[in-house]
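Every number for a ligand or one of its atoms is a count from 1 in the order of the listing. All values reported here derive from a predicted model rather than from experimental measurement.
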Amino acid sequence: MTTVAVIPGDGIGPEVVGPALDVLDALGLGVRTDVLDHVNARTYLRTGAAMTGDDLDRVRRSGATLLGAVGDPRLSGTGYVRGVLTTLRAELDVYVNYRPARLWHDRLSPLRDPARRAVDCVIVRENTEGLYSGIGGGSRAGTPHEIAIDVDLNTRRGVSRVLEFAFSVARRSVCLVDKANAVRNGGRLWQRCWSEAVARYPHVEASHLYVDTAAMRLATDPAAFDVIVTSNSYGDILSDLAAALAGGIGMAASANLNPATGQGLFEPVHGSAPDIAGTGTANPLGAILSVALLAEHLGRAEEADAVRRAVAAAVAAGRVTADLGGSLSTGEAGGAVLAELGQPAGRARTRRRNHRLGEDG
Ligand code: NAI
Ligand code: MG
């Protein structure tokens, strides 16, 4: 039986993972969950370690992992969040960050012209290299001559495998986004790998934009895009922009994938949102749509589509949280999706361990 490892995390992470697990449960996939609810800031503050080797083993053994969000206002540095996110991404070598942006209802778009606002694209973000490589250093700290260097790491292997993935999921077109005119060495490597990938996919329309132009085009004509493939940092920024155009960060979903090993880590794009944690207003749709990606990863495309149809129906009916213009709580918004799936209201079961989803009600 397939196991899904679950890391609820901090802040609104556990709050949105509850409804997401209810939806996973409702799909009856016959999977069991392994909840690592001790992987959070509280443990880190006590022990100084974000994840143990045993935690990583449990994640590695699972068929997929669902993550809420990590981050805590008591921890000002990046050590803890990197300790979880970067460790998971690096240890699992999930080199693709797959971030779909789709406008679920007209009402959610900030763009006026209906034809232009039909957002339905995917940002394929390189997930293990680039400016987030963690390589760098500094010197002369605190002096007027202080310097700080963060290395923008690009490898042929890293670049060519993420480009290959982008073409493999394209419906119409792939657009490469970089800043090769200013960031020359990495730019040239991406451009060389790009020419090779374009030649392998003659039937997919290929285009190239510099990141500044891409940001402008995405804001003014998002319907023009199908797949955007780009580096770690540009993908981070453009996917937040795409999420905002599609109704907001609260419903943006993502998958971290290694198509070669089959590893998959699924998480809403948002963080732990300490400003609204505990108020019961967090939008669970980003986490629920991440469950749809997880189901797809487990070979259950039909169930994934059922979740998406249920989300679209709940959004159309206005049965959503305040960030999308509704008045429902996190639990009620999750319940609205469950109702569309023809299921009774959920139990927001983040704390139950090792139970069989779909087999115990
Ligand atoms: P954030 O995504 O947590 O929040 C940004 C804004 O969006 C806030 O105003 C928040 O209230 C709102 N928001 C986020 N999710 C929402 C939801 N589901 N429903 C309604 N509103 C929502 O980003 P922020 O504030 O920059 O970071 C907070 C903490 O989360 C930090 O510790 C950061 O390091 C961490 N973080 C973790 C991530 C992860 O676990 N993947 C990703 C981004 C940040
Ligand atoms: Mg981000």
Side-chain angles (χ1 to χ4, degrees), residues 6-20 23 36-37 39-42 44-45 50-51 59 65-90 92 94 97-99 104 108 123 125 127 132 232-233 235-256 264-291 293 311 314-315 319-334 336-337 348 350:
V6 181
I7 303 176
D10 307 295
I12 65 167
E15 299 171 24
V16 299
V17 161
V23 167
L36 288 81
D37 51 11
V39 177
N40 55 35
R42 223 173 354 184
Y44 182 79
L45 283 164
M51 290 190 85
V59 167
T65 300
L66 179 67
L67 173 75
V70 289
D72 188 294
R74 288 171 292 177
L75 294 161
S76 54
T78 56
Y80 163 63
V81 170
R82 282 184 67 92
V84 179
L85 297 181
T86 316
T87 302
L88 279 169
R89 289 171 190 164
L92 302 178
V94 278
N97 189 219
Y98 182 90
R99 296 189 156 185
W104 293 92
L108 305 181
I123 315 282
R125 164 186 171 192
N127 213 20
Y132 301 175
N232 209 337
S233 51
D236 189 11
I237 297 161
L238 291 181
S239 61
D240 273 21
L241 173 55
L245 293 171
I249 192 102
M251 63 189 308
S254 80
N256 304 273
L265 169 68
F266 301 83
E267 51 172 332
V269 170
H270 63 74
S272 59
D275 55 336
I276 59 164
T279 63
T281 58
N283 184 351
L285 295 183
I288 288 171
L289 289 167
S290 299
V291 163
L293 291 171
V311 165
V315 171
R319 302 198 31 82
V320 289
T321 46
D323 58 313
L324 301 184
S327 58
L328 300 191
S329 68
T330 306
E332 289 165 346
V337 175
T350 45

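In this structure, Asp72 is part of the shell of residues with a heavy atom less than 4.0 angstrom from ligand 1. Using a 4.0 angstrom heavy-atom cutoff, Gly286 does not count as in contact with ligand 1.
Near Ala282, meaning under 4.0 Å from any of its heavy atoms, are these atoms of ligand 1: 19 (N). Residue Glu267 approaches ligand 1 through these ligand atoms, each under 4.0 Å from one of its heavy atoms: 41 (N).
For atom 23 (O) of ligand 1, the choice among Pro73, Gly271, Gly250, Ala243 with the nearest heavy atom turns out to be Gly271. Closest heavy-atom approach to atom 21 (N) of ligand 1 within the set Asp10, Ile276, Asn283, Thr321: this belongs to Ile276. Nearest-heavy-atom check against atom 12 (C) of ligand 1 across Val16, Leu75, Ile249 picks out Ile249.
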task = Dump the intermediate steps for side chain to side chain donor-acceptor pair (under 3.5 Å) on Asp10 and Tyr80, then the final yes or no.
result = CA-CA 11 Å; Asp10 307 295; Tyr80 163 63; 2.6 Å; yes
key: Step-by-step salt bridge (charged side-chain N to carboxylate O under 4.0 Å, His left out) determination, Glu267 to Arg99   = CA-CA 10 Å; Glu267 51 172 332; Arg99 296 189 156 185; 5.5 Å; no
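At a heavy-atom distance under 4.0 Å, only side-chain atoms of Pro274, from C-beta outward, approach ligand 1. Only the side chain of Ile12 comes within contact range of ligand 1, with a heavy atom under 4.0 Å; no backbone atom does. For Val70, heavy-atom contacts with ligand 1 shorter than 4.0 Å involve the backbone as well as the side chain. Residue contacts with ligand 1 for Val84 are absent, since no atom lies close enough (heavy atoms, distance under 4.0 Å).
Residues Trp104 and Met251 approach most closely at CD1-CE, 3.2 Å, considering heavy atoms.
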